[in-house]
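Worksheet for the structure shown next.
In the text below, chain A, chain B and the rest are named by the order of the sequence lines, each starting its count at 1.
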Amino acid sequence: MRQIGFGLFVIGVLSLAPRGVSAQDSVIVIDPDAPVVEAVPTGPPIEVVQELIDIYNDSATTRLAGNFILPTGSQARAHLALYRGILRVAGTVEGPVTVINGDLVIPAGGVITGDVLVVGGRFTILPGGRHTGRRRVYRESAPVFRSPVGLLAFRPPPQSLAEIASARTSFQAGRIRTTLSLETGRTYNRIEGLPIIVGPTFTLPTLGGTEGKLDAQVIFRTAGDQTGVRDEFGYTLRSEWIFSGTIAGGLGGQLYSVIESVEQQPLSSGESGWSAFLLSRDYRDYFETRGGEIYGWLDPSSHLHLEAGWRRDQERSVRVADPARLFRNNEPWRPNPLIDDGHYSTFRFRADVDTRNNKQAPTTGWLIQGEIERSSSDDASPVALPSEVRRPIPTFRDYRFTRIGFDVRRYSQFSPSSRVNLRVVGGGWLAGDPLPLQRRVSLGGPDLLPGSGFRAITCAPATFVNAAQPALCDRYLATQIEVRTRIHIGLTHLLAGQTFYGLDRLLSLDEADIVIFGNAGHGWLTGEGPGRVPNNRIPRFGEWRKDVGVGIDTGSLGLYLAKSVSNSDPVRFTVRLERRF
Amino acid sequence: MRRTVLLIGILGATLTGGAQAQGRLQVGLFLTPSQTEGGPPTPRVRTSHLTGDSRWLEVLNDQIPVRLRFRLELWRSRALNDALDRAFQWEALLRYEPLFEQYSLTIINRGRVTEERRAATVADLDTLLQAGIQVLLLPRQTGNFYFTVTLTITPLSDSELSDYERLLQGDQGPPTGAGSSSIGRRIRRSFLNLSGLRSIQLEDRTETFNVTVIPPR
């Protein structure tokens with residue numbers, strides 16, 4: 001609300017023009033690059049708001065609400081106070097007048113002989129009207145509301161939907177600013193249920209525009225673990241030193257005990273959470289990691305982000321905790337696969353190049369993300385896997401492996417309403433010993449290959465049966481292409497002004513993209529031997545899984561039909577809550 | 001059968017009326033040359049003859065605000081495919097204020113009221129709209145460019161109207177409840193829907209221009 005304070009001030013200045021003003025035919029100028037004025041306290045002073053409340057609630061005050069006209073010839077000898085409306089004084093008022101979040105107008109013949117206080121509105125004296133007395137006008141509305149008993153009270157500031165789902169309060173002691181927060185982990189899974197994160201963040205501005213930050217959070221897991229293997233709560237203790245300027249960056253360190261997912265696909269964390277909560281379909285696998293990390297990052301330009309870190313942690317298998325779900329309560333959860341438990345030391349490096357014109361709905365630009373990590377362990381206890389999948393992990397020396405991941409996206413627009421987007425994503429084993437289970441990959445499912453079933457490619461031999469369907473591949477590579485055409489739906493207009501219970505806004509039904517897409521991808525075991533692809537090769541394109549499809553994407557809801565062209569799988573219907581990529 | 005004929009009649013009248021309205025109304029995109037030789041011109045968006053259609057005027061005079069939603073796009077002209085360079089969107093709210101017997105044009109930029117202009121008569125309002133809005137959406141690199149503009153004109157729905165009223169009042173609190181005018185407005189709106197005056201989309205684009213110099217801002 002405060003953001004519009006300045007705008008209202010502008011209105012206030014401009015609206016002082018008298019009645020019958022001619023059109024101001026000077027050109028209106030808008031500068032899109034002008035800095036956005038952040039929320040600043042521009043409302044009426046707190047003492048004025050308190051004065052309003054005192055006046056309105058005073059039993060001697062004549063209270064009005066809504067539009068009110070004091071007719072010509074009538075006379076009022078009282079303190080008039082009007083809340084939300086227009087007070088038009090065509091008669092005579094002998095006494096003060098207060099208008100709260102409304103306008104005061106004195107037309108021809110109207111007289112006010114007393115102090116006038118208008119907050120959140122305009123005070124207009126038309127020709128022939130008269131006012132004697134002190135005049136105070138505040139264009140910004142007063143943060144007050146009228147209670148059911150007719151008295152005014154302070155109105156707390158409104159909260160956004162995200163804020164409603166979390167609570168946050170800040171206070172300052174000396175130079176240290178403290179923020180206490182309570183929020184969800186923004187996901188839901190079959191291991192933790194709904195993680196709830198609570199804790200303070202301390203921020204200390206230091207010399208040269210740098211900033212120190214200490215973040216301590218406890219993660220409460222709403223789903224209890226009956227096996228006792230997993231802790232009932234997790235934590236993150238993070239300290240960062242951040243500098244900004246021409247080159248931004250920072251250094252940090254953290255101690256943590258959190259639940260991590262094995263792969264970041266086939267659905268985003270939020271979508272996977274909704275799927276788990278509503279339909280008992282958790283598309284991800286998880287493990288617990290406990291340890292510490294030091295890291296640093298650098299942003300040499302607005303398009304480039306570099307990050308490196310070293311961590312030492314203990315990674316452990318966790319079991320399904322059977323949290324509540326809305327539907328399919330009788331169906332068992334898919335088991336969570338075991339991982340290769342142990343202590344791992346990992347060095348990682350990440351580089352991002354992002355030239356997209358819009359992060360949420362890009363129409364042009366590149367997004368290139370790459371990450372490489374080198375890990376070692378001296379006590380990894382591997383899960384027994386078929387020899388076709390993995391040769392034994394060494395126990396007479398440190399276990400070492402290197403893994404890589406990349407995601408390259410190109411967004412381009414061919415006309416104001418049509419776009420073509422391309423994506424190449426892949427990753428997996430690069431060097432060293434075979435990957436542990438928690439670093440292996442798979443393919444198939446709503447994101448990369450929606451025409452194929454969940455984990456259609458796991459690289460498991462036919463004889464290997466495991467209800468958890470673990471990802472066993474060493475590498476994967478997938479490409480996606482989509483053509484988007486923007487169409488005008490205008491459902492809000494077809495609904496003839498009905499709000500459609502707010503869904504029209506949620507689903508952005510005014511406009512949508514028709515999406516025609518094609519995907520191809522493959523996951524494989526690398527190395528020498530039958531059923532494997534040599535390390536320096538990728539499988540022939542003819543062996544890849546491919547699908548085509550069509551859908552409609554409203555921005556916050558996407559409905560897609562996809563058909564595999566590699567086999568006779570049926571047409572699959574997918575609902576997405578985010579853009580495909 | 002009788003209902004079908006009636007519906008076809010209404011549909012025909014709607015389409016005819018819509019076509020007439022679109023024929024008079026137009027959005028124009030004009031370029032103001034740069035003071036620097038080879039510099040980028042500045043686009044100006046003009047809306048013409050909005051009040052020339054009596055139905056839009058009736059809508060305004062019936063105290064139903066009209067929303068003008070502009071989207072200005074700067075395109076880089078290339079050999080194979082053109083590329084969207086930048087885009088900017090803003091809204092203008094057109095209202096008649098019976099208390100002051102004047103029209104007002106409120107510019108809403110990035111969710112905030114940034115400017116308000118007033119006009120005493122319909123002719124003044126037309127002058128105001130035709131004076132246009134200059135948008136400093138300029139190329140940041142040299143090359144060949146052109147602008148496109150899309151204008152969507154819509155009578156506000158009740159819920160949108162409520163939101164706008166609260167925005168203009170600087171109030172985000174709960175509404176105080178529908179007033180007596182709400183029922184009348186709903187009746188008028190149902191007539192609007194029958195007459196097809198729900199939404200009109202207009203477009204325009206400039207010629208391609210060449211930018212060889214980017215002056216410092």
Side-chain angles (χ1 to χ4, degrees), chain A residues 1 3-8 10-11 14-15 17 19-34 36-37 43 65-67 84 86 88 101 103 105 120-121 124 139-141 143 145-146 155 157-158 357 363-364 412-416 488 490 492-499, chain B residues 44 73 75 81-86 88 90 99-102 105-121 123-125 127-128 131-137 148 150 154-160 167-174 176 179 189-190 193 198-199 201 217:
Chain A
M1 184 177 80
Q3 289 183 352
I4 63 175
F6 177 72
L8 289 170
V10 172
I11 294 175
L14 293 170
S15 64
R19 176 175 176 262
V21 65
S22 295
Q24 301 133 323
D25 54 358
S26 59
V27 178
I28 297 170
V29 178
I30 299 177
D31 185 357
D33 294 326
V36 177
V37 180
N67 296 338
R84 288 192 81 166
I86 299 170
R88 195 180 174 106
N101 296 346
D103 295 331
V105 181
T124 307
R139 290 293 306 168
E140 300 81 14
S141 67
F145 72 99
R146 204 161 69 115
R155 174 164 46 78
N357 61 338
T363 57
T364 182
S412 54
Q413 188 151 3
F414 279 79
S415 76
H488 181 73
T492 49
H493 304 310
L494 292 174
L495 290 168
Q498 299 303 310
T499 59
Chain B
R44 183 192 289 198
E73 296 182 345
W75 284 79
N81 66 300
D82 298 345
L84 180 68
D85 191 74
R86 299 171 69 195
F88 182 64
W90 74 97
L99 186 68
F100 303 102
E101 296 178 10
Q102 64 186 14
L105 177 72
T106 307
I107 303 295
I108 298 168
N109 176 9
R110 285 175 281 188
R112 289 181 297 121
V113 175
T114 57
E115 189 137 11
E116 185 167 272
R117 298 289 176 95
R118 296 174 188 285
T121 64
D124 288 342
L125 179 62
T127 306
L128 182 60
I133 298 168
Q134 196 169 47
V135 185
L136 305 181
L137 187 77
T148 66
T150 306
T154 320
L156 287 194
S157 69
D158 288 327
S159 60
E160 289 168 328
L167 172 70
L168 295 175
Q169 290 175 5
D171 193 342
Q172 296 179 3
T176 54
R189 190 173 306 288
S190 58
N193 293 332
R198 292 172 186 165
S199 178
Q201 187 159 312
R217 293 200 65 173

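- To the nearest 0.5 Å, the span separating CD1 on Ile30(A) from CG on Leu137(B) amounts to 10.5 Å.
- Proximity to chain A (any heavy atom under 4.5 Å) is restricted, for Ile107(B), to the side chain, taken from C-beta onward.
- Here OG1 of Thr364(A) is found 13.5 Å from CZ of Arg86(B). Values are rounded to the nearest 0.5 Å.
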